[in-house]
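So the structure is just underneath, and the comments pick up after that.
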Amino acid sequence: SGSGLHTHFSVIDEKGDNIFDSGGPKGTAQLRHAVAGCLAAMHDSTLLFAPHLNSYERLVPGRHAPTAISWGYENRTAAIRIPAGNPAARRIEHRVAGGDVNPYLMLAAILGAALTGLEDEVEPPPAVTGNAYAMDLPQIPASWEAAIDAFENSDILYRFLPKELIRNMVQTKRQELHYIAELSPEERQQLTKEEKEYKTKRKEIQEKLIKLATRLPVFMYLTDYRERTLRDVITKLEPGLFKKVTGLTVEDFELLVGLG
């Protein structure tokens, strides 16, 4: 459960050229170096990608959120995906973070890790093909407490994050962990009831979202607004056409957006 905050990035040189563009589908050595840096820091950075107790309900094998420290070309089971398409737009998609992150810390962790890879010119392990969930690969921390420990004891994070930030983050999260452990059975039961009601509602909305996603390519083709954002497209359509093609009303879509 939960929403991902997949982050796409490339690097532009002083001439305005994408340094990941090799003219072909595989990308440049610099792309591989940046991937290697991101993989090297991923385990210890997980607390910034999944900062709360409930964040780890999303990071479950086989549930469309990455759990293995891996990369691949057009592979959505890997933590880092290299999308296909125009070589000039060659980029890295970092797929670990959830929608509940601090975006500034998340971006600092991703770009800082990529920079260390570029500086060190390290090579990543081979790109994975097939189902990364079914492979014997290094894993990101599976729990909030494990992620806090990894963040605190990391060596690599000090290369791009201030020591004081790391110390304060660890102290804050350990305090949160402490107070959650102090909840009474009655308080936990109340939270569980509210969570179940919320998850039921989320499931209803997510089913509509899946329906939208499966019909979206047809929708974008029919409207001929391929270069615009989805919200821009909606504003240019009659509500009846949007519902006919997607199965959703504009109001349903706005509700989905509001739930993140």
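Note that the numbering runs from 1 along the sequence shown for the chain.
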Do W71 side-chain atoms and A36 backbone N/O form a donor-acceptor pair below 3.5 Å? no
Output, in order, the C-alpha distance, side-chain angles, deciding distance and verdict of salt bridge (Lys or Arg N to Asp or Glu O under 4.0 Å) for D120 and R159. CA-CA 12 Å; D120 297 344; R159 290 189 59 179; 2.7 Å; yes
When you group the ILVMFWY residues by side-chain heavy-atom contacts below 4.5 Å and let the links chain together, are V122 and I19 in the same group? no
CD1 (I12) and CG (D17) are apart, to the nearest 0.5 Å, by 7.5 Å
Let me see the working for D149 and K173 under salt bridge (Lys or Arg N to Asp or Glu O under 4.0 Å), right down to the final yes or no. CA-CA 10 Å; D149 290 340; K173 293 304 173 182; over 6 Å; no
Which heavy-atom pair separates Y56 from W144 by the least distance, and what is that distance? CE1-CA, 3.4 Å
T7 side chain to L5 backbone, donor-acceptor under 3.5 Å: yes
Taking atom CG of D136 and atom CD of Q139, what is their separation to the nearest 0.5 Å? 8.5 Å
Can you tell me if D21 uses its side chain to pair, donor with acceptor, with the backbone of G27 under 3.5 Å? no
Per side chain to side chain contact (heavy atoms under 4.5 Å, CB included), L105 is matched among I110, L165, L47 by L165
Check whether V96 and L115 end up in the same hydrophobic cluster, where Ile, Leu, Val, Met, Phe, Trp and Tyr are linked by side-chain heavy atoms less than 4.5 Å apart. no
Between N18 (side chain) and A88 (backbone), is there a donor-acceptor pair under 3.5 Å? yes
Do the side chain of D100 and the main chain of H52 share a donor and acceptor less than 3.5 angstrom apart? no
Take atom OH in Y158; do more than 12 heavy atoms of anything else shown fall under 6.0 Å from it? yes
Write down the atom of I140, the atom of I69, and the distance for their closest heavy-atom approach. CG2-CG1, 3.7 Å
So E74 and I82, side chain to side chain contact (heavy atoms under 4.5 Å, CB included) or not? Walk me through it. CA-CA 6 Å; E74 269 305 324; I82 309 303; over 6 Å; no
Step-by-step side chain to side chain contact (heavy atoms under 4.5 Å, CB included) determination, L161 to L48: CA-CA 11 Å; L161 294 178; L48 300 182; 3.9 Å; yes
With distance as the sole test, does R58 use its side chain to make a donor-acceptor pair with the main-chain N or O of A97 at under 3.5 Å? yes
Quick one, H94 with I80, criterion side chain to side chain contact (heavy atoms under 4.5 Å, CB included). Give me CA distance, side-chain angles, the key distance, then yes/no. CA-CA 5 Å; H94 198 291; I80 291 179; 4.3 Å; yes
Distance from T28 atom OG1 to R32 atom CZ, nearest 0.5 Å? 7.5 Å
About how many Å separate CD1 of I148 and OG of S143, when rounded to the nearest 0.5 Å? 8.5 Å
Can you give me the closest heavy-atom contact between T77 and A132, atom names plus distance? OG1-N, 2.9 Å
Can a cation-pi geometry be assigned to K26 and Y73, taking NZ or CZ under 6.0 Å from the six-membered ring centre and within 45° of the ring axis? yes
Smallest heavy-atom separation, L39 atom then P124 atom, equals CD1-CB, 4.2 Å
Hey, could you give me the CE/CZ distance between M42 and R95, rounded to the nearest 0.5 Å? 10.5 Å
H8 atom NE2: more than 12 heavy-atom contacts under 6.0 Å: yes
Is a side-chain donor-acceptor pair under 3.5 Å present for H33 with E121? no
The test is salt bridge (Lys or Arg N to Asp or Glu O under 4.0 Å); show your working for E152 and R167 and say whether it passes. CA-CA 7 Å; E152 181 178 29; R167 185 180 70 86; over 6 Å; no
Stepwise, does the side chain to side chain contact (heavy atoms under 4.5 Å, CB included) test hold for Y133 with S70? CA-CA 10 Å; Y133 296 117; S70 57; over 6 Å; no
To the nearest 0.5 Å, what is the distance between OG on S10 and CG on L31? 9.5 Å
Any chain of hydrophobic side-chain contacts (each under 4.5 Å) joining L53 to V60? no
Closest heavy-atom pair and its distance - A150, H43: CB-CE1, 3.5 Å
Whether R91 side chain and F20 backbone form a donor-acceptor pair below 3.5 Å: no
Please say yes or no: joined through hydrophobic side-chain contacts below 4.5 Å, possibly via intermediate residues, are L157 and M169 part of one cluster? yes
Can you get from I180 to F151 by hopping between Ile, Leu, Val, Met, Phe, Trp and Tyr side chains that sit under 4.5 Å apart? yes
Inspect the surroundings of CD in E145 and state if more than 12 heavy atoms from other residues, nucleotides or ligands are less than 6.0 Å away. no
Determine the minimum heavy-atom distance between A127 and G72, stating which atoms define it. CB-CA, 4.0 Å
